[in-house]
Amino acid sequence: MGQINKYSSRIVATVVSNKRVGQYHQILLNVGEMVNNCKPGNFVAIKVGGENAKMILRRAFAISRVSMTGPYGGSMELIVAPFGQGSKWLCSQIEGSSIDLIAPLGTAFGIPTEPVRALLVGGGYGSAPLFGLAEVLKNRGCRVDMYLGASTGGKIYAPMEGKRSVNVLRIYTEDGSMGERGRVTEPIPGLIADGLVDVIYSCGPMPMLQAISEIVAGSDVVHQCAVEESMACGVGICMTCVLPVSDSDGHVAMKRSCIDGPVMDGAHVLWDLVGKVPEVHP
Amino acid sequence: MGQINKYSSRIVATVVSNKRVGQYHQILLNVGEMVNNCKPGNFVAIKVGGENAKMILRRAFAISRVSMTGPYGGSMELIVAPFGQGSKWLCSQIEGSSIDLIAPLGTAFGIPTEPVRALLVGGGYGSAPLFGLAEVLKNRGCRVDMYLGASTGGKIYAPMEGKRSVNVLRIYTEDGSMGERGRVTEPIPGLIADGLVDVIYSCGPMPMLQAISEIVAGSDVVHQCAVEESMACGVGICMTCVLPVSDSDGHVAMKRSCIDGPVMDGAHVLWDLVGKVPEVHP
Amino acid sequence: MIDLSTTLGNAWFPSPLFTASGCASSGKELAQFIDLREIGAVVTKSVMSKARYGRPTPRMAETPSGMINSIGLQGPGIDEFLTHDLPWLVSQRARVIVSIAGETVEEYATLARKVRSAPGISALEVNISCPNVENRGLVFACDPDASRRVIDGVRKTLGGELPIIAKLSPDVTDLVSIAKGVVDAGADGLALINTVLSMVINLDTMRPHLGGKTGGLSGPAIRPIAVRAIYQVHEALPTVPILGMGGVASGRDALELILAGAKGVSVGTASFGDPAAIISIQNELKELLKIRGFTSVAQAVGFAHRPNEIEGA
Amino acid sequence: MIDLSTTLGNAWFPSPLFTASGCASSGKELAQFIDLREIGAVVTKSVMSKARYGRPTPRMAETPSGMINSIGLQGPGIDEFLTHDLPWLVSQRARVIVSIAGETVEEYATLARKVRSAPGISALEVNISCPNVENRGLVFACDPDASRRVIDGVRKTLGGELPIIAKLSPDVTDLVSIAKGVVDAGADGLALINTVLSMVINLDTMRPHLGGKTGGLSGPAIRPIAVRAIYQVHEALPTVPILGMGGVASGRDALELILAGAKGVSVGTASFGDPAAIISIQNELKELLKIRGFTSVAQAVGFAHRPNEIEGA
Ligand SMILES: Cc1cc2nc3c(=O)[nH]c(=O)nc-3n(C[C@H](O)[C@H](O)[C@H](O)COP(=O)(O)OP(=O)(O)OC[C@H]3O[C@@H](n4cnc5c(N)ncnc54)[C@H](O)[C@@H]3O)c2cc1C
Ligand SMILES: Cc1cc2nc3c(=O)[nH]c(=O)nc-3n(C[C@H](O)[C@H](O)[C@H](O)COP(=O)(O)OP(=O)(O)OC[C@H]3O[C@@H](n4cnc5c(N)ncnc54)[C@H](O)[C@@H]3O)c2cc1C
Ligand SMILES: Cc1cc2nc3c(=O)[nH]c(=O)nc-3n(C[C@H](O)[C@H](O)[C@H](O)COP(=O)(O)O)c2cc1C
Ligand SMILES: Cc1cc2nc3c(=O)[nH]c(=O)nc-3n(C[C@H](O)[C@H](O)[C@H](O)COP(=O)(O)O)c2cc1C
Ligand code: FES
Ligand code: FES
């Protein structure tokens with residue numbers, strides 16, 4: 001029918017496996033045919049809490065990877081931080097549990113038509129969708145570097161098998177407990193100055209995305225970031241998830257991060273206005 | 001401390017087994033020492049729906065039987081009809097699940113000091129506490145007859161092992177699908193007229209309890225009934241579960257069926273005023 | 001066969017289930033999940049004269065069996081709405097109830113004038129739960145006099161064709177008198193209830209969680225308030241059609257509102273949990289009506305007000 | 001060490017956690033589950049001049065994350081209460097806030113006179129969410145003038161010792177003006193909020209489920225309404241102590257009400273789900289205050305109103 005949510009559908013998936021990886025849970029779901037429509041950057045909206053739950057809203061999770069083959073048919077991987085009541089419930093679901101989900105939702109990372117030098121920057125569980133993306137980019141002949149950051153080592157998500165598609169993987173932790181001590185954004189200005197990067201793909205906390213946008217500003221580097229705003233519906237009907245975004249002629253609009261995002265052009269997001277209302281007229 | 005709820009405590013019990021019996025679930029809980037304080041007629045208040053539940057009130061269930069010995073230590077049996085969301089949740093709890101409960105609550109059936117001829121009348125799952133009661137009465141040398149009724153055979157709860165303590169067990173169903181066709185109350189006037197019964201113990205739907213009270217009225221037969229009013233707290237603090245009861249000098253009080261019941265003297269309950277407010281002054 | 005059709009004033013709908021204003025955006029977003037022709041009507045997000053950014057984020061917080069929101073009527077403005085959103089809905093052959101909102105009595109009248117000439121609209125919902133800039137920001141729906149003046153202005157501008165449904169706020173001492181006032185002023189029906197003014201404090205920042213500080217509570221948590229409001233108003237004004245809403249998430253809930261007196265039921269927050277909720281609710285409602293021996297929705301409207309049959313007679 | 005003590009007017013309490021009126025009966029029933037001396041105070045069920053049967057059953061229905069009740073102030077009457085219930089609480093060394101309710105301004109004053117001479121009371125809660133028989137059954141708390149007159153009468157009869165806490169209903173258009181009115185009339189503090197007027201229809205009988213038809217909604221469902229009410233009133237009257245309540249079921253919830261402006265927090269419906277809830281809530285609150293670097297409850301009261309520190313400064 002319409003274009004919005006074009007390939008989305010609601011299904012009941014089965015938990016194939018649920019493993020703890022550092023401070024996260026790696027959850028594999030059997031979703032069947034749906035995987036054919038999932039692209040890196042898309043997300044899934046999951047009903048949490050079971051039948052009698054007092055939680056009424058779905059929770060959004062980035063689709064970390066999908067696989068069409070494998071012993072279970074089409075499967076989808078999520079990386080979930082047990083944070084509040086919804087994510088804790090999801091992390092407690094054992095093999096064989098049924099999960100009500102809607103996917104794929106939202107925009108996907110844009111894939112360049114020519115081989116480029118891509119830098120993938122992930123913060124915390126934000127690295128999840130970057131491994132699937134790395135694979136696609138690698139197949140297009142891109143050079144793929146990945147920099148991951150977190151406050152501490154347990155919050156770095158970097159699975160062994162994911163590293164295959166990456167040329168260089170560097171890890172930064174604020175407490176120095178894994179990789180180098182410092183913020184993942186610190187080396188980026190140098191890379192840009194040295195002309196070593198054409199496109200940055202980022203996913204992680206909003207301040208990280210903003211910092212990258214500021215670093216990139218004025219350069220030729222394209223910055224595609226996956227934003228994370230609080231979402232009530234995930235399908236574009238509630239208007240809770242908006243961000244101020246400017247279009248080419250400088251007009252500012254409050255865009256829904258669930259359907260006009262989560263992947264957005266970092267240069268268009270008005271980061272200083274996030275959580276505020278533009279003073280100009282709409 | 002006080003006398004009210006004297007032996008009650010809150011514990012987390014484990015489901016030892018959960019079997020379907022006709023239209024009911026027979027649920028065995030490991031409750032430890034608590035069984036020493038449980039008497040026939042007492043009930044248990046169970047938290048339903050799990051951690052994130054939108055249900056905020058406990059559900060009351062008659063304690064069907066307790067056992068101090070057995071492979072699990074102290075255990076308590078419940079007979080649960082999967083009716084609405086709370087009872088369905090309880091019936092779906094598998095072996096090993098944890099159940100948050102408060103017990104024992106409420107009054108117990110009065111046990112005569114001398115051997116009497118007792119008639120136990122149960123409607124639907126109301127038969128549950130009668131088997132434990134039958135055992136106690138039998139041990140006191142009473143003659144114990146049990147009449148069970150329900151709309152249909154699947155709603156009769158009458159376990160094999162329970163029959164051991166009973167002299168005569170008769171079953172009545174309205175559709176004639178089990179035992180005799182008719183209502184369980186129909187034979188009672190005859191028994192009373194023939195002088196075959198000293199005490200009636202009853203548990204079941206309120207109209208059944210009322211009918212028995214009316215049959216007994218004017219005779220010497222004592223009628224102890226376990227009432228079932230909608231309860232919010234089960235411990236006497238909310239005043240939702242009240243029934244109009246008259247004391248010896250005819251004074252009417254709205255008594256709480258959770259602490260002044262569930263077992264009450266049928267002759268004192270003003271059945272016609274249930275669901276109404278007495279016109280006399282309190 | 002259950003006849004699900006219903007009317008609100010002179011507007012006819014094949015089903016009593018409607019989207020709720022602000023909970024279906026402009027309709028397009030839902031079309032992937034449901035066939036818009038299958039439901040009673042799409043009630044559009046309240047539209048104002050001019051485009052608006054709305055309130056700052058965060059705009060929502062989940063609460064026990066509910067949520068609070070402060071969207072602040074973000075929208076494209078009436079002209080854009082009439083040139084783009086409405087024609088799309090009409091092209092889909094969806095029935096449409098347009099919801100309007102204003103900051104002055106004058107703005108409502110202007111909106112009504114623009115809507116009057118637009119084709120394909122079944123009814124006009126007038127959301128008066130907005131701050132009145134001419135009266136210290138006091139919400140119109142909380143002020144009997146301002147409520148009446150808004151509806152009066154809309155009625156006069158609109159002429160006599162399109163039914164006007166006045167959407168009221170439950171945050172008032174005397175809902176019935178507000179309802180009577182707007183009906184006297186020309187409303188053909190009432191929409192009950194809008195969200196309940198609420199707040200959540202964020203325990204990390206220790207400040208109000210929403211950018212707009214307060215927000216409106218919706219979802220199953222408020223259903224008992226909605227049922228009471230509908231029951232009270234239907235009792236006082238039995239001939240005025242009510243579009244009921246507030247926490248409807250199942251056929252059972254829809255039936256509860258209908259028994260209380262609603263001729264139509266809007267599904268809002270439940271669509272956030274399941275974009276096809278309205279269709280399941282419609283199917284469940286049909287089943288529940290059948291089990292109870294009703295052959296039409298109309299028979300069930302306000303049933304809870306009828307005296308019980310004499311027992312044992 | 002966290003200093004949990006708090007004050008309401010000139011009354012001091014070792015903890016900010018109180019039972020809620022009508023949710024702890026006369027206190028005896030809870031004593032098996034909690035040590036009554038460990039909590040701030042027992043707030044007794046609202047007592048009237050004469051014994052009352054209350055409303056017909058059913059008196060309650062569970063709702064999503066809440067319940068509705070219509071008990072109708074069943075109770076023994078003030079004389080019986082003062083001779084039996086109160087002395088028992090005093091003998092247990094529990095602190096006691098006595099809640100009174102009346103049908104006329106005169107009845108409230110009579111109750112105040114009787115309470116005045118009773119020993120062992122920390123404060124008087126005046127529940128004005130009762131129908132005023134002298135004014136078409138309009139609830140006192142919904143009528144600014146009647147609210148003021150009740151408190152004025154109580155204040156004059158009681159003299160100046162015992163703090164008066166006026167308990168308000170959220171079912172009003174302008175809560176702040178009601179609050180100001182009762183404070184002007186002599187209330188030393190405010191209790192916010194009483195239950196929200198609601199209804200549930202029984203889908204089997206298809207009639208209102210409660211014997212009293214409407215009932216009051218309580219429990220977590222209404223917490224966002226309570227937080228808003230407390231925040232609004234504290235903002236308007238920052239020096240007036242508030243006893244907050246409405247849906248508190250955890251330490252997190254208690255802290256939310258405190259940050260909004262409550263100096264004390266009553267636990268009502270949560271005690272039905274767990275008779276020892278108030279003790280767990282007290283322990284959790286202590287922990288949450290500690291994690292946030294507070295050394296006393298007093299520091300947290302109304303914190304949500306303070307301006308954010310300038311970022312990055
Ligand atoms: C597009 C998108 C992708 C996401 N991907 C992931 C992922 O891959 N892995 C993962 O662990 N989490 C992810 N999140 C966050 C996730 O949706 C939940 O917000 C988070 O798990 C907390 O929910 P909760 O129920 O545990 O917490 P609660 O505190 O119970 O949440 C209450 C409400 O607040 C919202 N909320 C709380 N924290 C956040 C946040 N940081 N961002 C947005 N909303 C929030 C919740 O969605 C929920 O509606 C993503 C969010 C978005 C919007
Ligand atoms: C003293 C006592 C003993 C009981 N013993 C048993 C027993 O042994 N086995 C059994 O299956 N059930 C028993 N019940 C009924 C049980 O407590 C539940 O009410 C019933 O299981 C329905 O709850 P629900 O959550 O499934 O239904 P829901 O419809 O979700 O219940 C909603 C609310 O209504 C109340 N309610 C609904 N039906 C009844 C009813 N018939 N009586 C009282 N309250 C009701 C519930 O307690 C609950 O608060 C007993 C009730 C009482 C008061
Ligand atoms: C996110 C959101 C936005 C809303 N926007 C509007 C609106 O623009 N106009 C309006 O009249 N009501 C609006 N409402 C109120 C709903 O239409 C409805 O009255 C209310 O949410 C109760 O129904 P529910 O519990 O089914 O959501 C909004 C509600 C929500 C949750
Ligand atoms: C069963 C019940 C009885 C109540 N009785 C009274 C009462 O007698 N007097 C009163 O002021 N409030 C009464 N209330 C209101 C509570 O004191 C409290 O204000 C309200 O329930 C909100 O708090 P909660 O959500 O923690 O229950 C009663 C509430 C319930 C649930
Ligand atoms: S989450 Fe509802 S519009 Fe984006
Ligand atoms: S159930 Fe609360 S007093 Fe009996």
Side-chain angles (χ1 to χ4, degrees), chain B residues 1-10 45-49 52-59 84-86 100-102 105 206 227 229-245 251-260 270 273-282, chain D residues 19-20 22-36 45 50-77 80 88 92 209-212 215 218-221 247 249 268-277:
Chain B
M1 279 247 212
Q3 289 298 301
I4 305 173
N5 303 313
K6 191 166 175 188
Y7 297 110
S8 317
S9 61
R10 177 182 164 205
I46 294 188
K47 192 168 152 62
V48 292
N52 297 307
K54 65 181 176 203
M55 288 104 91
I56 60 165
L57 302 174
R58 287 173 188 263
R59 301 296 189 266
Q85 49 189 8
D100 176 337
L101 61 83
I102 299 176
L105 292 168
M206 298 290 272
V227 301
E229 271 290 336
S230 178
M231 296 180 176
C233 76
V235 298
I237 57 176
C238 74
M239 310 298 281
T240 61
C241 62
V242 299
L243 277 182
V245 171
H251 188 87
V252 180
M254 292 301 244
K255 293 276 189 188
R256 285 164 282 185
S257 60
C258 62
I259 57 171
D260 298 315
L270 301 169
L273 285 178
V274 172
K276 301 193 180 73
V277 170
E279 275 173 34
V280 296
H281 206 76
Chain D
T19 63
C23 301
S25 200
S26 62
K28 275 200 189 71
E29 299 80 359
L30 281 181
Q32 169 70 12
F33 302 101
I34 65 173
D35 182 343
L36 298 175
K45 171 132 197 78
K50 299 252 163 58
R52 277 168 68 100
Y53 284 130
R55 310 291 282 278
T57 54
R59 289 178 171 186
M60 73 101 179
E62 200 185 42
T63 67
S65 297
M67 65 174 281
I68 64 170
N69 87 81
S70 83
I71 306 301
L73 298 171
Q74 175 177 346
E80 181 75 8
W88 184 85
Q92 299 290 309
H209 182 76
L210 299 186
S218 64
T269 305
S271 300
F272 303 165
D274 174 8

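First the proteins, then the strands, lettered A, B, ... as listed; each starts at 1.
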Quiz item: What heavy-atom pair brings Met254(B) and Tyr53(D) nearest, and what distance separates the two atoms?
Solution: CG-CD2, 3.5 Å
Quiz prompt | Residue part contacting chain D, namely of Ala253(B), when any heavy atom lies under 4.5 Å | solution = backbone
Quiz item: With side chains defined as the heavy atoms from C-beta onward, is the minimum distance between Cys238(B) and Asn69(D) less than 4.5 Å?
Solution: no
Quiz item: At their closest point, which heavy atom of Thr240(B) faces which heavy atom of Thr57(D), and how far apart are they?
Solution: O-CG2, 3.9 Å
Quiz item: So, do Met60(D) and Leu57(B) sit near enough that their side-chain heavy atoms are less than 4.5 Å apart?
Solution: yes
Quiz item: At what distance, to the nearest 0.5 angstrom, does OG of Ser9(B) lie from CD of Gln32(D)?
Solution: 7.5 Å
Quiz item: Shortest non-hydrogen contact from Val242(B) to Gln74(D)?
Solution: CG1-OE1, 3.5 Å
Quiz item: Is it true that a side-chain atom of Arg59(D) and a backbone atom of Cys241(B) form a donor plus acceptor pair closer than 3.5 Å?
Solution: no
Self-check item: chain D contacts, top residue of Val252(B), Leu273(B), Ile259(B), Leu243(B) (heavy-atom pairs, under 4.5 Å)
Solution: Val252(B)
Quiz item: Considering only heavy atoms from C-beta outward, does the side chain of Glu29(D) approach that of Ile237(B) to under 4.5 Å?
Solution: yes
Quiz item: What's the shortest heavy-atom distance between Pro56(D) and Gly275(B), and which atoms?
Solution: CB-O, 3.2 Å
Quiz item: Quick one: are Glu62(D) and Arg59(B) in side-chain contact, heavy atoms under 4.5 Å?
Solution: yes
Self-check item: Side chain, backbone, both or neither of Ser271(D) within contact of chain B (heavy atoms, under 4.5 Å)
Solution: both
Quiz item: How about Asn5(B) and Phe33(D): do any of their side-chain heavy atoms sit closer than 4.5 Å?
Solution: yes
Quiz item: Looking at Gly54(D), Ala51(D), Ser65(D), Gly219(D), which makes the most heavy-atom pairs under 4.5 Å with chain B?
Solution: Ser65(D)
Quiz item: Heavy-atom distance under 4.5 Å to chain D: side chain of Glu279(B), backbone, both or neither?
Solution: neither
Self-check item: Exercise: identify the closest heavy-atom pair between Ser25(D) and Arg256(B)
Solution: OG-NH1, 3.3 Å
Quiz prompt | Spacing of SG belonging to Cys233(B) relative to CG belonging to Asp274(D), to within rounding of 0.5 Å | solution = 12.0 Å
Exercise. Decide yes or no for Pro220(D) and Ile56(B): does some side-chain heavy atom of the first lie under 4.5 Å from some side-chain heavy atom of the second?
Key: yes
Quiz prompt | Greatest number of heavy atom pairs closer than 4.5 Å to chain D - which of Met55(B), Met231(B), Glu229(B), Lys47(B) | solution = Met55(B)
Quiz item: For the atom pair CG (Leu73(D)) and CE (Met239(B)), what is the distance rounded to the nearest 0.5 Å?
Solution: 10.5 Å
